[in-house]
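Below is one structure; the comments refer to it alone.
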Amino acid sequence: MNRIKINRLLRSKIPMNQVLVNGWVRTRRDSKGFSFIEVNDGSCLKNIQIIAASNLPNYDEIQRLTTGSAVSISGSLVPSQGKGQSWEITAARILVIGQAPETFPLQKKRHSDEYLRTIAHLRPRTNKYGAVFRIRSELSYAIHTFFRDRGFRYIHSPIITGSDCEGAGEMFRVTTLDIKNPALKDRGLDASQDFFGKEVSLTVSGQLSAEMFALALGDVYTFGPTFRAENSNTRRHAAEFWMIEPEMTFCDLSENMNLGEELIRYLISHVLRECREDMELFGNFVDKTLMETLNHILSSDFVRLPYAEAVEILKTSKVSFDYPVTYGIDLQSEHEKYLTETHFKKPVILHDYPKTIKPFYMRLNADQQTVAAMDILVPGIGEIVGGSQREERLNVLEARMGEMGLLKENYWWYLDSRRYGSAPHSGFGMGFERLIMMITGITNIRDVIPFPRTPGNIDF
RNA sequence: UCCCCAGUAGCUCAGUAGGUAGAGCAAGUGGCUGUUAACCACUUUGUCCGCGGUUCGAGUCCGUGCUGGGGAGCCA
């Protein structure tokens with residue numbers, strides 16, 4: 001007898017004999033002459049109801065089944081006599097595969113997200129977290145589909161990197177030196193004795209690699225884990241997270257923004273279509289305004305606003321900000337919040353920032369003061385995408401590096417790309433977890449990644 | 001790293017002006033029932049986060065540490 005997953009059984013149009021269901025008991029109720037068992041196998045949000053008649057040979061054992069136990073049921077799929085479900089299974093045989101003692105931490109009631117974080121190894125067995133991780137999986141698939149349909153190639157950029165100059169923030173050092181007795185030199189680790197013969201770290205971005213491949217394969221993207229050793233303690237930051245980084249040659253900032261906007265819309269509509277049931281859970285129990293918000297994002301164009309105009313809007317807003325706004329500052333969370341949640345009430349793409357607050361690789365505009373940068377800000381999350389048109393002119397790039405005190409020697413291969421057949425190109429990074437937060441309405445990044453890594457927390 | 005808040009039964013929480021601890025759910029027993037977060041009755045459960053202090057007496061006040069949450073910064 002072949003096992004059939006519950007999502008298929010519940011979609012059945014006809015009764016079926018001889019079906020086999022494997023899963024975990026969510027709850028059990030006794031009635032006169034039989035027991036109702038609700039089983040979930042992770043294939044969908046819904047459980048299937050099993051009717052276990054008291055004449056089953058192991059009925060005593062069945063009555064002791066507790067929430068969390070693994071079971072294997074064979075029987076027939078029949079129309080339900082009760083309300084609340086269209087199909088149920090009349091069990092011919094029930095095998096207890098793995099009993100869960102009463103110490104099983106998940107009860108058939110709501111638990112707080114904080115508590116569930118302390119049992120991150122068991123939380124995917126709840127409705128909400130099962131739904132989050134099915135959606136996460138579906139989104140990953142959709143990302144590949146989106147890019148593949150548009151002729152992009154998927155690049156596996158390295159996780160271990162020797163460029164300590166990837167730009168974005170503190171990095172995790174990788175070493176095979178004996179920590180208790182390391183090779184030392186000049187009062188520090190002797191990196192020349194280390195595995196790679198130099199200091200290496202976990203990547204903070206695949207961008208530099210992606211640029212090289214964009215200048216060969218045209219349109220490429222990376223989708224992989226990223227590591228930041230920042231001591232960030234917020235609901236939006238994790239030390240290990242996933243990022244999607246497309247990079248396109250012969251593409252300017254405006255086309256870059258188009259792609260970012262198109263990608264976000266595509267992913268939302270994909271999930272609304274393919275994960276309807278799971279999404280309803282979030283709309284009903286996590287954020288009552290979720291569907292409205294997502295439909296609004298689908299139906300209206302994102303605002304495109306030059307940094308200078310954003311500053312003007314903020315200055316004339318009559319809102320007293322903790323951080324006063326002047327041209328040249330990096331916008332604070334409260335400013336971004338005001339723009340997306342109060343002023344425009346929709347996603348905003350800010351672009352053309354002052355060069356002084358952006359990295360060296362962003363393309364210098366004709367005004368010599370701003371760079372072709374763009375950030376996509378969404379209500380509730382803040383920055384979800386950060387990108388730019390890259391500086392493709394060797395002399396300008398070298399001058400910018402000089403201004404910022406970066407050594408050309410460390411970037412020799414990066415600069416080579418501008419030396420040999422350089423071409424305009426653009427790209428961005430999108431935080432995968434932040435995207436999931438936006439789509440599910442979940443407000444803490446620790447609840448959309450299987451085993452979150454944050455400062456001082458790596459228990460699982 | 002900084003600011004604010006919280007930490008009471010397995011879980012969610014209440015605990016009034018400091019007088020020595022309670023509810024719901026879970027678990028156990030019995031009953032009822034094509035039930036569906038089933039229902040009804042009864043029963044069990046606590047170093048009130050740790051340490052120190054004030055007090056005749058501290059879950060309640062003070063100090064300190066730890067843990068968790070929210071906000072800020074850094075950013076995706």
Side-chain angles (χ1 to χ4, degrees), chain A residues 26-39 46-53 64 66-68 78-85 88 90 100-119 126-127 167-170 203-207 223-245 260 285 321-323 330-337 357-359 375-378 381-387 428-438 443-449 454-457 459:
Chain A
R26 280 297 175 79
T27 178
R28 194 184 58 76
R29 297 175 285 274
D30 284 327
S31 190
K32 191 171 190 174
F34 40 85
S35 191
F36 297 99
I37 310 168
E38 286 199 40
V39 173
K46 287 212 175 83
N47 307 322
I48 196 156
Q49 175 163 285
I50 311 293
I51 310 300
R64 288 194 306 272
T66 48
T67 301
V78 298
S80 178
Q81 297 171 36
K83 292 173 185 162
Q85 61 279 315
E88 63 189 17
T90 305
E102 67 277 4
T103 53
F104 183 59
L106 289 171
Q107 296 169 10
K108 44 189 179 189
K109 54 169 256 179
R110 254 175 122 150
H111 289 290
S112 67
D113 293 324
E114 291 80 10
Y115 171 65
L116 291 171
R117 259 170 239 155
T118 68
I119 49 168
T126 63
N127 288 341
E170 294 298 307
T203 184
V204 294
S205 165
Q207 181 194 319
F223 180 21
T226 306
F227 308 88
R228 303 272 167 94
E230 300 289 351
N231 188 18
S232 295
N233 289 288
T234 80
R235 59 186 183 81
R236 305 183 305 282
H237 290 87
E240 178 181 311
F241 63 98
W242 285 59
M243 191 152 64
I244 301 117
E245 296 181 286
F285 300 113
F321 295 112
D322 292 337
Y323 293 84
D330 215 347
L331 297 184
Q332 307 291 311
S333 290
E334 56 174 348
H335 306 138
E336 297 179 350
K337 247 188 163 67
I357 56 173
K358 289 292 180 186
D375 286 354
I376 302 184
L377 313 175
V378 295
I381 312 289
E383 185 178 342
I384 195 169
V385 162
F428 61 80
M430 179 166 82
F432 188 44
E433 284 74 19
R434 288 187 181 176
L435 174 85
I436 302 171
M437 289 166 73
M438 181 187 74
T443 53
N444 195 309
I445 198 168
R446 285 168 274 223
D447 299 333
V448 298
I449 189 166
T454 52
N457 183 357
D459 287 340

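Below, chains carry the letters A, B, ... as their sequence lines are ordered, and counting in each starts from 1. Only a predicted model underlies this, so the values are computations on that prediction, with no experimental measurement involved.
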Grab the [atom1]-[atom2] distance between [X] and [N] for me, whole Å please.
X	N	atom1	atom2	answer
A:Asp375	B:rA76	CG	P	7 Å
A:Arg64	B:rA26	CZ	P	20 Å
A:Leu331	B:rG73	CG	P	11 Å
A:Lys46	B:rA37	NZ	C1'	16 Å
A:Ile445	B:rG71	CD1	P	13 Å
A:Tyr323	B:rC3	OH	P	13 Å
A:Gln332	B:rG71	CD	P	15 Å
A:Phe223	B:rA76	CZ	P	17 Å

Just so I know, are the side chains of A:Ile384 and A:Leu435 near enough to count as touching, which here means a heavy-atom distance under 4.5 Å? yes
Judged by modelled atom types alone, do A:Lys108 and A:Thr27 share a side-chain donor-acceptor pair under 3.5 Å? yes
Can you check the distance between [N] and [M], where both ends of the measurement are the [atom1] atom (answer in whole Å)?
N	M	atom1	answer
B:rU60	B:rA17	P	15 Å
B:rC48	B:rG59	P	8 Å
B:rG57	B:rG18	P	16 Å
B:rG65	B:rC4	P	13 Å
B:rG53	B:rC75	C1'	44 Å
B:rA14	B:rG46	C1'	15 Å
B:rA9	B:rA76	P	42 Å
B:rU29	B:rG68	C1'	37 Å

For [X] against [Y], the heavy-atom pair lying closest together:
X	Y	result
A:Phe36	A:Ser31	CE1-CB, 3.7 Å
A:Thr226	A:Ser205	CG2-N, 4.0 Å
A:Thr454	A:Ala238	CG2-CA, 4.3 Å
A:Ile445	A:His237	CG2-O, 3.5 Å
A:His335	A:Tyr323	NE2-O, 2.8 Å

Any side-chain N or O of [X] less than 4.0 Å from the OP1 or OP2 oxygen of [N]?
X	N	answer
A:Thr118	B:rG68	no
A:Asn233	B:rC74	no
A:Thr234	B:rC74	no

If each of A:Ala238 and A:Lys108 is mapped to the nucleotide of RNA chain B with the nearest heavy atom, which maps nearer the 5' terminus, i.e. the 5' end? A:Lys108
Of A:Asn457 and A:Val385, whose nearest nucleotide on RNA chain B comes first from the 5' end? A:Asn457
Kindly say whether, by distance alone, the side chain of A:Arg228 makes a donor-acceptor pair under 3.5 Å with the base of B:rA76? yes
Got a donor-acceptor pair under 3.5 Å from the side chain of A:Ser232 to the base of B:rC74? yes
With a 4.0 Å cut-off on heavy atoms, is [X] in touch with a base, just the backbone sugar-phosphate, or nothing at all?
X	answer
A:Met243	sugar-phosphate
A:Arg236	base
A:Leu106	nothing
A:Gly386	sugar-phosphate
A:Phe428	nothing

Donor-acceptor pair, distance only, cut-off 3.5 Å: does the side chain of [X] make one with the backbone of [Y]?
X	Y	result
A:Glu433	A:Trp242	yes
A:Arg235	A:Thr443	yes
A:Thr66	A:Pro101	no
A:Glu245	A:Gly206	yes
A:Glu230	A:Glu170	yes

Looking at A:Arg29 and A:Glu38, does any basic side-chain N land under 4.0 Å from a carboxylate oxygen? yes
Paired with [N]: which nucleotide, if any, by Watson-Crick or G-U wobble criteria at under 3.5 Å for both distances?
N	answer
B:rA21	none
B:rU55	none
B:rC39	B:rG31
B:rU47	none
B:rC2	B:rG71

Strictly under 3.5 Å: I want the nitrogen or oxygen pairs between protein and nucleotides 40-51 of chain B, one per line.
none

Can you tell me how far the CD1 atom of A:Ile51 sits from the CD1 atom of A:Ile37, to the nearest 0.5 Å? 9.0 Å
A:Phe285, CZ atom: more than 12 neighbouring heavy atoms under 6.0 Å: no
Heavy atoms under 4.0 Å is the rule here; annotate nucleotides 28-35 of chain B 5' to 3' with B where the base is hit, S where only the sugar-phosphate is, and - elsewhere. -----BBB
Short N/O separations, protein against nucleotides 4-13 of chain B, under 3.5 angstrom:
| from | atom 1 | to | atom 2 | distance (Å) |
| --- | --- | --- | --- | --- |
| B:rG10 | N2 | A:Gln107 | OE1 | 2.7 |
| B:rG10 | N2 | A:Gln107 | NE2 | 3.1 |
| B:rG10 | N3 | A:Gln107 | NE2 | 3.2 |
| B:rC11 | O2' | A:Lys109 | NZ | 3.4 |
| B:rC11 | O2' | A:His111 | ND1 | 3.0 |
| B:rC11 | O2 | A:Lys109 | NZ | 2.5 |
| B:rU12 | OP1 | A:Ser112 | OG | 3.0 |

